2 protein chains.
Amino acid sequence: MSEPDVFSALSNPVRREILLQLRKGPRAVNDLASGFNLGRPAVSEHLQVLRKARLVREEPRGRERYYHLDPRPLSEVDDWLKAFTHYWKQRLAALEDVLDEESRK
Amino acid sequence: MSEPDVFSALSNPVRREILLQLRKGPRAVNDLASGFNLGRPAVSEHLQVLRKARLVREEPRGRERYYHLDPRPLSEVDDWLKAFTHYWKQRLAALEDVLDEESRK
DNA sequence: TTGATACGTCGGAAATATCCGACGCGTCAA
DNA sequence: TTGACGCGTCGGATATTTCCGACGTATCAA
């Protein structure tokens, strides 16, 4: 019943790790689950969240399901961050100025 | 009892909006709360989450508390995304290839 | 001092998230 | 066909999140 919210999908460390794993190539569910200290149902439910956020895609191969990474929705997060990039580089520059100031004393 | 987790802090749309608002400058709590359809305690608790994630800093001014944006922890998210940027540009390029292929038909 | 304002936080309600065991369905190998 | 495997999903337990009203504390204006 939840919406496909990319930010919410990324809020869980297991789901973030799944995405990192999938960079190396598609993986079947049991294969993925063996890497975590979690049961298969839990991993399967995490994959459902990632699927709803369109961050992964499933490819059935016989009785297995290989999950593929689809990183495109991550651009939403990237775009959101861009609203701060300028400001935070500004702040980093200001911080450096302070540090320079301090080191000159 | 929760840790200062930047990803979790960003998972809530109210908190994301608070951060966007604070780009324009520091704001007092009631001032912030009036912008949302939320009571002050709720906003105050969102600010606590953001404070634990070190995304905001408080500056007491008399009986008010002005909250300042500190975007530096966002670099953690940015760094995490960088683990995908290359891959996803690759995927976008592949997508464009497919589209080119299609349009040539 | 007195009354109003700004805020944090507690207690509790309601919703949501996380996880597991159990079950059912489709697929494979024999 | 039979039995084992891979998977999704349901029911339910537990934990966490989100929100509010109520309260206490500090500050301000008069």
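Proteins get letters first, then strands, A, B, ... in listed order; numbering begins at 1 in each. Given the structure is predicted, the values throughout are model-derived calculations rather than measurements.
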Handout entry: Partner residues of A:Pro26 under the side-chain contact (heavy atoms from CB on, under 4.5 Å) criterion, sequence neighbours left out
Key =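 Testing A:Pro26 for side-chain contact (heavy atoms from CB on, under 4.5 Å), a comparison that skips the adjacent residues, returns A:Arg61, A:Tyr66, A:His68.
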
Practice task
Just jot down the side-chain contact (heavy atoms from CB on, under 4.5 Å) partners of A:Arg63, sequence neighbours excluded, or say none.
Solution key: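 Result, side-chain contact (heavy atoms from CB on, under 4.5 Å) vs A:Arg63: none returned.
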
Would you say [N] has OP1 or OP2 under 4.0 Å from some side-chain N or O of [X]?
{"X": "B:Ser44", "N": "C:dG8", "value": "yes"}
{"X": "B:His46", "N": "D:dT17", "value": "no"}
{"X": "A:Tyr67", "N": "D:dG8", "value": "yes"}
{"X": "A:Asn12", "N": "C:dA17", "value": "no"}

Nearest-Å distance for atom pair [atom1]/[atom2], residues [X] and [N]:
{"X": "B:Leu47", "N": "C:dG8", "atom1": "CG", "atom2": "P", "answer": "7 Å"}
{"X": "B:Arg65", "N": "D:dC28", "atom1": "CZ", "atom2": "P", "answer": "13 Å"}
{"X": "A:Gln48", "N": "C:dC19", "atom1": "CD", "atom2": "P", "answer": "14 Å"}
{"X": "A:Arg63", "N": "C:dC25", "atom1": "CZ", "atom2": "C1'", "answer": "13 Å"}
{"X": "A:Leu32", "N": "D:dG8", "atom1": "CG", "atom2": "C1'", "answer": "15 Å"}
{"X": "B:Glu64", "N": "C:dA4", "atom1": "CD", "atom2": "C1'", "answer": "14 Å"}
{"X": "B:Arg51", "N": "C:dT9", "atom1": "CZ", "atom2": "C1'", "answer": "11 Å"}
{"X": "A:Lys52", "N": "C:dA17", "atom1": "NZ", "atom2": "P", "answer": "10 Å"}

Side chains of [X] and [Y]: does their closest heavy-atom pair fall under 4.5 Å?
{"X": "B:Leu55", "Y": "B:Leu69", "answer": "no"}
{"X": "A:Val43", "Y": "A:Asn30", "answer": "no"}
{"X": "A:Asp78", "Y": "B:Asp78", "answer": "yes"}
{"X": "A:Trp80", "Y": "B:Leu74", "answer": "yes"}
{"X": "B:Arg65", "Y": "B:Glu59", "answer": "no"}

Problem - Test log, rule side chain to side chain contact (heavy atoms under 4.5 Å, CB included), inputs B:Leu10 and B:Leu19 - result: CA-CA 9 Å; B:Leu10 296 186; B:Leu19 293 178; 3.6 Å; yes

Practice task
Find which nucleotide of DNA chain C each of A:Ser8 and A:Gly62 is nearest to by heavy atoms, and output the residue with the more 5' nucleotide.
Solution key: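 Comparing both residues, the 5'-ward one is A:Ser8.
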
Problem - Of A:Ala42 and A:Arg61, the one whose closest DNA chain C nucleotide lies more 5' - result: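 Here A:Ala42 is the residue nearer the 5' end.
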
Problem - Point-to-point distance, once rounded to the nearest 0.5 Å, from CZ of A:Arg15 to CZ of B:Phe7 - result: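 Answer rounded to 0.5 Å: 12.5 Å.
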
Handout entry: Distance, nearest 0.5 Å, that separates CG of A:Leu38 from CD of A:Glu45
Key =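 Nearest 0.5 Å value for the CG-CD distance: 10.5 Å.
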
Under 3.5 Å, which N/O atoms of the protein pair with N/O atoms of nucleotides 10-16 of chain C?
unit_1: C:dC10; atom_1: N4; unit_2: B:Glu45; atom_2: OE2; d: 3.3

Problem - Sub-4.0 Å heavy-atom contacts from residues 14-31 of chain A onto DNA chain C, ordered by number - result: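 Heavy-atom contacts with DNA chain C come from A:Arg15.
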
Exercise for the section: Using a cut-off of 6.0 Å, state whether more than 12 heavy atoms not belonging to A:Arg23 lie near its atom CZ. Expected result: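 Yes, because the 6.0 Å sphere around CZ of A:Arg23 holds more than 12 heavy atoms from other groups.
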
Problem - Over 12 foreign heavy atoms within 6.0 Å of CG, B:Asp79 - result: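 Counting neighbours around CG of B:Asp79, more than 12 heavy atoms of other residues, nucleotides or ligands fall under 6.0 Å, so yes.
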
Tabulate atom names and distances for all N/O pairs under 3.5 angstrom spanning the protein and nucleotides 12-14 of chain D.
none

Exercise for the section: Please name the residue in the list B:Asp70, B:Val56, B:Leu22 that meets the side-chain contact (heavy atoms from CB on, under 4.5 Å) test with B:Leu50. Expected result: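 Testing each of B:Asp70, B:Val56, B:Leu22 against B:Leu50, the sole residue satisfying side-chain contact (heavy atoms from CB on, under 4.5 Å) is B:Val56.
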
Problem - Geometric cation-pi criterion B:Arg57 and B:Tyr67, 6.0 Å radius, 45° cone - result: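 Pair B:Arg57/B:Tyr67 does not count as cation-pi.
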
Between the protein and nucleotides 23-25 of chain D, which nitrogen or oxygen pairs are less than 3.5 angstrom apart?
none

